[in-house]
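Chain A is the first sequence line, chain B the second, and so forth, proteins listed ahead of strands; every chain is numbered from 1.
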Protein chains: 2
Amino acid sequence: MAEEQNAQDFTEDGDEGKRPLTRIQKVNRGKILEAALEVFSANGFRGATLDQIAAEAGLSKPNVLYYFPSKEAIHEALLGGLLDVWLAPLRAMNPEGEPREEIMRYMRRKLEMSREMPRESRLFANEVLQGAPRIGSGLSSDLKTLVDEKAAVIDHWIAQGRLAPVDPHHLIFSIWALTQHYADFDVQVRAVLGPGKDPIEGAAPFLDLLFTRLLTP
Amino acid sequence: MAEEQNAQDFTEDGDEGKRPLTRIQKVNRGKILEAALEVFSANGFRGATLDQIAAEAGLSKPNVLYYFPSKEAIHEALLGGLLDVWLAPLRAMNPEGEPREEIMRYMRRKLEMSREMPRESRLFANEVLQGAPRIGSGLSSDLKTLVDEKAAVIDHWIAQGRLAPVDPHHLIFSIWALTQHYADFDVQVRAVLGPGKDPIEGAAPFLDLLFTRLLTP
DNA sequence: CGTGACCCTGACCGATTGGTCAAACTGTTC
DNA sequence: GAACAGTTTGACCAATCGGTCAGGGTCACG
C-alpha cells in the first residue's frame, strides 16, 4: 500500500563518488522515502521509529540503514527533496502577469496541494511547530529570500494601483495559513463538518470569495 | 522560570473520593501542569519525556508520578483543562450583538490568544496534527456542537442581510487558521519577517482589513 | 560459471524511556 | 511529641529505540 512514484534522482552529494546509482538502489531509496513520508508526517520526527518506516517500506531495519546512514538522514533527504516542490507555486508567480490572477492562481494551487499532498504539508508543519530544528537557518534564509522577492513584486503591483493595498508578507502568510489548514488540521475540520464531502471542495469557493474581496481595489 | 498561576482546581473525578486537596498538592500539580505545557508544546507528546517535565517542574520523576499516574494522564489533564479556555471566545459570541462587531471581536480575541498563549496553541496543534488520538471523538463532538450552533447564528445574520453571505463554517475555520498560524508557525513567520517587532502587531491591521472586506455586504 | 561488488539479515548492543517500589522524610493533628 | 497521613527519593526494571556487525545471499558481467 505504498506504491507511488518518487520522482527524485538524488544526485545530491557534496564531493566525488557519483556512482551511477543501481536500479535496486533507486527502487529501495524510493520505497524508504515514501514510507518515511507516511510515518514522519503522521507521527513527527521523534514519534516515528525506524521499525515503523522499515515495516511500511517492506524492508528490514538494517536494510533501511544500508541505504541511509541514520534516521535523521532520511528525514533530511525527505525535507530537502520536498522543499523545492513545496515552494514551486510561489516561485511560479509571474511579475509580468495580471496581479489578482497571479495571486489567485497561487492560492488555488496551494489549496490543491493541500488536497493532493497532505502528508507533505503535515511533514513541514510538524517540523516548523517544533521550532524547525532540522530545517533551520539555511532553508529558512532561502525561504525569506523568495518571499521577500515576491513581496516586492506585490508591493510594485499595489503602487501601480492594480491591487488593493495590503501588507504583502501577511498576504502570503494568509495564503499559507488558509490553505494548509485544511491539510494540517484535517481531522478537526472533518470532525466539525461531519462526514461527507471533501472539506476542500467547500473551502475553494470560500477562499475565492475571500481573496477576491481582499484584493479588489 | 516557571512561576505562573494555574487557575485549575481539579475537582475532576468520576466517582467518590473527593479529598479536600492539600495545599502542597495544589502547588505541585500546578507546577507539573505548567512544566508539561512547556515541554509538550515544544516537543509534542512523544517527543516529551517525564524527565524533562520533572526537571522543568523542579521535582523528581517519581514525585511527578506520585501526582499523576502516567505521562498520558498529565497530557489529558492539560488538554481537558485548557479546552474550555480555548473555546471560551467562540462561546462568548453573542447572537444578540452586532454581527460584524461580534465576529471581529472573536477574531481579535483569538489573535490576542496567539500572542499571549502560544504554547497552548501549539499544544493543540500538535495533538490535532497527529490525528488527535488523545483528544478524540468526545471533545471533537463538543467542538462540533459549539461550532454548529455559532454557524447557525451567523447564517441567521446573513439571512437578515446584516452580513455578507459567506459559508459560516469556513469563516470560522479561516479565523482559526489565520490567528493560530502566528502562534503555531512562529519560527517560520519570524524567519521570513526578519528580526524586529512582534509579527502579530503587523498581523492585526491586516486581519482587520481582511475580515472587514470579507464581511461587509 | 566464476567472481567481485552489491544487497540483505538475525543477533546483538548501549542508551533512553515510562514506570515501580521500599524506605525515608515531613507536615499535621491531637 | 506521638502517631499517622501525606510526600519525596534513589535504586531499579522491562521495554523500546537507534544503530552495529559479521556473515550469508544475490546480481551483473566477463
>> Under the rule for ring pair (Phe, Tyr, Trp, His ring centres under 6.0 Å), what residues qualify as partners of A:Phe173, not counting sequence neighbours?
In response: A:His170, A:Trp176
> Between A:Gln180 and A:Ser121, is there a donor-acceptor pair closer than 3.5 Å when you use the side chain of the first and the backbone of the second?
Replying inline: no
Protein-nucleotide distance ([X], atom [atom1]; [N], atom [atom2]), rounded to Å:
X       : N      : atom1 : atom2 : value
A:Leu59 : C:dC8  : CG    : P     : 7 Å
A:Tyr66 : C:dT9  : OH    : C1'   : 13 Å
B:Lys26 : D:dG6  : NZ    : P     : 15 Å
A:Asn63 : C:dG10 : CG    : C1'   : 13 Å

> Considering residues at least two apart in sequence or located in another chain, which fulfil the salt bridge (charged side-chain N to carboxylate O under 4.0 Å, His left out) criterion with A:Asp167?
Replying inline: none
> B:Arg105: what forms a salt bridge (charged side-chain N to carboxylate O under 4.0 Å, His left out) with it, not counting sequence neighbours?
Replying inline: B:Glu101, B:Glu102
>> Can you build the contact string for nucleotides 24-30 of chain C? Use B for base contact, S for sugar-phosphate-only contact, and - for no protein heavy atom under 4.0 Å.
In response: ----S--
> Going 5' to 3' along nucleotides 11-19 of chain C, which nucleotides have protein heavy atoms under 4.0 Å from the base (write B), which only from the sugar-phosphate (write S), and which from neither (write -)?
Replying inline: ------SBB
>> Please tell me if A:Tyr67 has a side-chain N or O lying less than 4.0 Å from either OP1 or OP2 of C:dC8.
In response: yes
>> Under 4.0 Å from OP1 or OP2 of C:dC7: is there any side-chain N or O of A:Gln25 that close?
In response: yes
> For B:Leu123 and B:His75, what are the C-alpha separation, side-chain angles and deciding distance, and is it a side-chain contact (heavy atoms from CB on, under 4.5 Å)?
Replying inline: CA-CA 10 Å; B:Leu123 184 77; B:His75 195 248; 4.2 Å; yes
> Below 4.0 angstrom, N of the basic side chain to O of the carboxylate: do B:Arg119 and B:Glu38 qualify?
Replying inline: yes
> Would B:Glu34 and B:Lys31 pass as an ion pair if we require N to O under 4.0 Å?
Replying inline: no
Let me check something: any side-chain donor-acceptor pairs from residues 44-51 of chain B under 3.5 Å, sequence neighbours excluded? List them with distances.
residue: B:Arg46; atom: NH1; partner: A:Gly47; partner atom: O; Å: 3.0
residue: B:Thr49; atom: OG1; partner: B:Gln52; partner atom: N; Å: 3.0
residue: B:Thr49; atom: OG1; partner: B:Gln52; partner atom: OE1; Å: 3.4

>> What's the closest nucleotide to the side chain of A:Ser60 if the choices are C:dC7, C:dT9, D:dT8?
In response: C:dT9
